[in-house]
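Quick caveat: nothing in here was measured; it's all calculated off a predicted structure.
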Amino acid sequence: MSRDLPPLNALKAFESAARLLSVSRAAEELHVTHGAVSRQVRALEDQLGVALLAKDGRGIKLTDAGQRLAEAAGDAFERLRGVCADLRRQEEDRPFVLGCPGSLLARWFIPRLDRLDRELPELRLQLSSSQGELDPRSPQLDATLLFAEPPWPADMQVFELAGERIGPVLSPRYAGFAELEQAPPQRLLQRPLLHTASRPQAWPQWARAEGLDEGGLQLGQGFEHLYYLLEAAVAGLGVAIAPQQLVADDLAAGRLVAPWGFVDTPARLALWVPLGRQGPRAERLAQWLRQAFVQPG
């Protein structure tokens, strides 16, 4: 026995017209034209070889065959609506797992987590971090928050949130703070600079943006992760370089100072969502993040 069914669009058009006994009202419900519904119903009749609708004065009525199909289609679509609603509720009840680099998690996200939970309680956010590089395609993650440069991969929906700006920062506790606070940026070429293996391009990018010879940079103490680099800067161990978003709270509290400001890089802070896992929760989170990254606190 053949398991072939007529095209779904044709069945939807017929079911709506049969239920409403009006092609015009079916067109309004389906957000298509009157002619589109009529063509779908005629195509369905041609495929089945029977008349389903007949004129009734200025309206329409169901034929016997149309009545049989309308009952079956109505039951089937109602069952589908119920199952889809259950699946959506099940998805909404599941925690939304967000991958986030440890430095961004510790220095920006955690201080704002209580606010996010109050403003998006339906998200039921669960944060996941890793000492290594996060894989945005991991089946354990619903989305990943990353600094990265376009172009974006075709298998991802990428919500751009903010441009990346980087700059040197140091603590008032640093022994050379008084000398450097009012000094021009080229003075940093005479200092051993704190750096991180996870962002080797940061100091050269900054030097080029400032018109300085990147070959004159002197790298001092290195750290495996950006979080440790910034902790060292806060402790007064030297001058570090970091994205503005990650040091915003430290700057506001006076733990760090950025005497030379910040420069733009090609990177963007973005929320990566694998195709097939998009949904309203990811969109709501992206909207919240976009607003939060331009608001203090």
*asked:* Hydrophobic cluster membership, with links at side-chain heavy-atom distances under 4.5 Å among I/L/V/M/F/W/Y: are Val23 and Phe77 in one?
replied: yes

*Report the C-alpha distance between Tyr227 and Leu105 in whole Å, list the side-chain angles of each, state the deciding distance to 0.1 Å, and finish with yes or no for side chain to side chain contact (heavy atoms under 4.5 Å, CB included).*
CA-CA 9 Å; Tyr227 175 77; Leu105 175 63; over 6 Å; no

*Nearest 0.5 Å, what's the CG-CG distance between Leu188 and Leu212?*
8.5 Å

*Test Arg187 against Glu179 for side chain to side chain contact (heavy atoms under 4.5 Å, CB included), laying out the working first.*
CA-CA 10 Å; Arg187 187 69 61 82; Glu179 177 188 350; 3.5 Å; yes

_Residues that Gln291 engages under side-chain hydrogen bond (donor to acceptor under 3.5 Å, both in side chains), provided they are two or more places apart_ = none

_If you count every heavy atom of other residues, nucleotides or ligands that lies below 6.0 Å from Phe223 atom CZ, does the total exceed 12?_
yes

_Has Arg277 got a side-chain atom pairing as donor or acceptor with Leu141's backbone, closer than 3.5 angstrom?_
yes

*Passes side chain to side chain contact (heavy atoms under 4.5 Å, CB included), Asp249 versus Arg255? Steps please.*
CA-CA 9 Å; Asp249 293 346; Arg255 292 187 292 269; 4.2 Å; yes

*Are any of the side-chain nitrogens in Arg19 or Glu15 under 4.0 Å away from the carboxylate oxygens of its partner?*
yes

*Heavy atoms only: give me the nearest Ala51-Thr63 pair and the separation to one decimal.*
O-OG1, 2.6 Å

*asked:* Between Trp108 and Leu113, is there shared hydrophobic-cluster membership here, with clusters defined by ILVMFWY side-chain heavy atoms closer than 4.5 Å?
replied: yes

*Phe147 with Ile241, same ILVMFWY side-chain cluster at under 4.5 Å*: no

*asked:* Quiz question: by atom type and distance under 3.5 Å, do the side chains of Thr265 and Gln205 form a donor-acceptor pair?
replied: no

*Looking only at side chains, do Trp260 and Glu210 share a donor and an acceptor under 3.5 Å apart?*
no

*Straight-line distance of Leu194 CG to Trp203 CH2, nearest 0.5 Å*: 8.0 Å

_Shortest non-hydrogen separation from Pro243 to Glu164 and the atoms involved_ = CG-OE2, 3.8 Å

_Quick check: closest heavy atoms across Asp155 and Arg137, and the distance to 0.1 Å?_
OD2-NE, 2.7 Å

_Residues forming a salt bridge (Lys or Arg N to Asp or Glu O under 4.0 Å) with Arg173, sequence neighbours excluded_ = none

_Side chain His225, main chain Thr196, donor-acceptor under 3.5 Å_ = no

*Shortest non-hydrogen contact from Val257 to Pro172?*
CG2-CG, 4.0 Å

*Can you see which heavy atom on Pro204 is nearest to which on Pro200, and at what distance?*
CD-O, 3.4 Å

*Please, which pairs that meet ring-ring contact (aromatic ring centres under 6.0 Å, His included) have at least one residue in residues 267-287, sequence neighbours excluded?*
Trp152-Trp272

*Are the side chain of Gln221 and the backbone N or O of His195 linked by a donor-acceptor pair below 3.5 Å?*
no

*List, by chain and number, the other hydrophobic cluster members for Leu275, where Ile, Leu, Val, Met, Phe, Trp and Tyr join if side-chain heavy atoms come within less than 4.5 Å, directly or indirectly.*
none

*Regarding Glu283 and Gln287, is there a side-chain donor-to-acceptor distance under 3.5 Å anywhere?*
no

*Can Leu30 be reached from Leu44 by stepping across I, L, V, M, F, W or Y side chains whose heavy atoms are under 4.5 Å apart?*
yes

*Report the C-alpha separation of Leu62 and Leu53 in whole Å, then their side-chain angles, then the decisive distance to 0.1 Å, and conclude whether the side chain to side chain contact (heavy atoms under 4.5 Å, CB included) test is met.*
CA-CA 5 Å; Leu62 294 170; Leu53 299 178; 3.4 Å; yes

*Under 4.0 Å between a Lys/Arg side-chain N and an Asp/Glu carboxylate O for Arg94 and Asp142?*
yes

*asked:* Tell me whether the count of non-hydrogen atoms from other residues, nucleotides or ligands lying under 6.0 Å of CZ in Arg208 goes above 12.
replied: yes

*May I ask you to check whether Ser24 and Ser22 show a side-chain donor-acceptor distance below 3.5 Å?*
no

_Are there over 12 heavy-atom neighbours, none belonging to Asp56, within less than 6.0 Å of that residue's CG?_
yes

_With Arg118 via salt bridge (Lys or Arg N to Asp or Glu O under 4.0 Å) - residues at least two apart_ = Asp114

*Would you call Arg107 and Glu231 a salt bridge, taking side-chain N to carboxylate O under 4.0 Å as the test?*
yes

*Should Leu226 and Leu256 be counted in the same cluster of Ile, Leu, Val, Met, Phe, Trp and Tyr side chains packed under 4.5 Å apart?*
yes

*Got a sec, which residues hit salt bridge (Lys or Arg N to Asp or Glu O under 4.0 Å) with Arg42, two or more places apart in sequence or on another chain?*
none

